*Asks:* 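Questions regarding the structure given below will be posed in turn.
Nothing here was measured: the structure is a model prediction, and the numbers come from that model. When a residue number appears, it is its place in the shown sequence, counting from 1.
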Amino acid sequence: QVQLVESGGGLVQAGGSLRLSCTASGNIAPRAWYRQAPGKQRELVASITSGGNTNYADSVKGRFTISRATAKNTIFLQMNSLKPEDTAVYYCKAVKAVGWPTEYWGQGTQVTVSS
């Protein structure tokens, strides 16, 4: 069974913090967080390679941190100093651990930042 389970979204005031979690099962490896705001394209927020290298969108650099648990089937997105423009549905993306490269997406978790 292949599954991505996301959690941690919610409603927070501007300047607050949230921590998102994504746990994968079924021989897939979570690699990135994306977000999609109403009327906008889905965009990459942060990614982490198998070796632990990270990358961030300019809009979140310095505020968000992507990390991975030791078990490597779980990634986190620590979001600090949240702004109303961070409001979006946040999605976890995973790739197949072995074999043909295949992408998998979680169902998303809503993050709403009020001013």
Side-chain angles (χ1 to χ4, degrees):
Q1 184 182 21
V2 174
Q3 190 175 31
L4 290 176
V5 179
E6 299 157 320
S7 63
L11 175 64
V12 65
Q13 285 189 304
S17 298
L18 287 172
R19 192 189 195 200
L20 307 183
S21 299
C22 172
T23 299
S25 61
N27 293 315
I28 57 174
R31 288 282 181 268
W33 289 97
Y34 289 71
R35 68 185 180 187
Q36 187 167 26
K40 292 190 174 183
Q41 294 186 130
R42 188 172 298 186
E43 64 173 345
L44 176 66
V45 177
S47 63
I48 185 167
T49 69
S50 60
N53 294 326
T54 59
N55 202 5
Y56 300 91
D58 288 341
S59 60
V60 307
K61 194 171 296 182
R63 299 187 297 121
F64 291 10
T65 303
I66 187 171
S67 61
R68 182 167 57 219
T70 302
K72 297 186 177 182
N73 69 328
T74 300
I75 60 169
F76 307 94
L77 185 67
Q78 179 66 47
M79 304 184 294
N80 298 326
S81 302
L82 283 162
K83 304 174 181 180
E85 48 263 46
D86 295 319
T87 295
V89 178
Y90 284 70
Y91 298 91
C92 178
K93 188 184 81 172
V95 297
K96 205 171 184 179
V98 295
W100 288 95
T102 305
E103 295 181 351
Y104 299 89
W105 296 89
Q107 291 184 319
T109 183
Q110 177 70 49
V111 172
T112 302
V113 184
S114 62
S115 59

*Asks:* Quick check: do V98 and N27 have side-chain heavy atoms less than 4.5 Å from each other?
*Replies:* no
*Asks:* Which heavy atom of V89 sits nearest a heavy atom of G108, and at what distance?
*Replies:* CG1-CA, 3.8 Å
*Asks:* Would you name the heavy atoms of L4 and A94 that are closest together and state the gap between them?
*Replies:* CD2-CB, 3.7 Å
*Asks:* Considering non-hydrogen atoms only, spot the tightest contact between R35 and F64 and give its length.
*Replies:* NH1-CE2, 4.1 Å
*Asks:* Salt bridge between D86 and K83, side-chain N to carboxylate O under 4.0 Å?
*Replies:* no
*Asks:* Mind running side chain to side chain contact (heavy atoms under 4.5 Å, CB included) on C22 and W33 for me, showing each step along the way?
*Replies:* CA-CA 9 Å; C22 172; W33 289 97; 3.6 Å; yes
*Asks:* With rounding to the nearest 0.5 angstrom, report the CD to OG distance, E43 to S59.
*Replies:* 5.5 Å
*Asks:* Testing the basics here: between P30 and I28, what is the closest heavy-atom pair and its distance to 0.1 Å?
*Replies:* CD-O, 3.9 Å
*Asks:* If only atom types and distance count, is the side chain of S114 paired as donor or acceptor with the main-chain N or O of T112 below 3.5 Å?
*Replies:* no
*Asks:* Is NZ or CZ of R68 both nearer than 6.0 Å to the six-membered ring centre of F76 and within 45° of the ring axis?
*Replies:* no
*Asks:* Check L18 against G8 and note the closest heavy-atom contact, atom names and distance.
*Replies:* CD2-O, 3.8 Å
*Asks:* Kindly work out whether a path of hydrophobic side-chain contacts (I/L/V/M/F/W/Y, heavy atoms less than 4.5 Å apart) joins V95 to I48.
*Replies:* no
*Asks:* Does the pair S81 and R63 meet the rule for a side chain to side chain contact (heavy atoms under 4.5 Å, CB included), with working shown?
*Replies:* CA-CA 6 Å; S81 302; R63 299 187 297 121; 4.0 Å; yes
*Asks:* Any chance you could measure K96, atom NZ, to Y104, atom OH, to the nearest 0.5 Å?
*Replies:* 5.0 Å
*Asks:* How long is the gap from NZ on K72 to OG on S50, to the nearest 0.5 Å?
*Replies:* 7.5 Å
*Asks:* Does L44 form a side chain to side chain contact (heavy atoms under 4.5 Å, CB included) with Y56? I'd like the steps, not just the answer.
*Replies:* CA-CA 8 Å; L44 176 66; Y56 300 91; over 6 Å; no
*Asks:* Let me check something: do Y91 and L77 share a hydrophobic cluster, defined by ILVMFWY side-chain heavy atoms less than 4.5 Å apart, either directly or through other members?
*Replies:* no
*Asks:* For A88 versus A37, what's the shortest heavy-atom pair and its separation?
*Replies:* CB-N, 3.8 Å
*Asks:* Restricting to ring pair (Phe, Tyr, Trp, His ring centres under 6.0 Å), what partner residues turn up for Y34, sequence neighbours left out?
*Replies:* W105
*Asks:* Would you mind reporting whether V111 and M79 have side-chain heavy atoms less than 4.5 Å apart?
*Replies:* yes
*Asks:* Within a strict 4.5 Å, meaning less than it, do heavy atoms of the C92 and I75 side chains meet?
*Replies:* yes
*Asks:* Q78 vs S17, test: side chain to side chain contact (heavy atoms under 4.5 Å, CB included). Steps then yes/no.
*Replies:* CA-CA 7 Å; Q78 179 66 47; S17 298; 4.0 Å; yes
*Asks:* Return yes if a side-chain donor-acceptor contact under 3.5 Å exists between E85 and T87, otherwise no.
*Replies:* no
*Asks:* State whether the side chain of E6 and the backbone N or O of Q107 hold a donor-acceptor pair below 3.5 Å, judged by distance alone.
*Replies:* yes
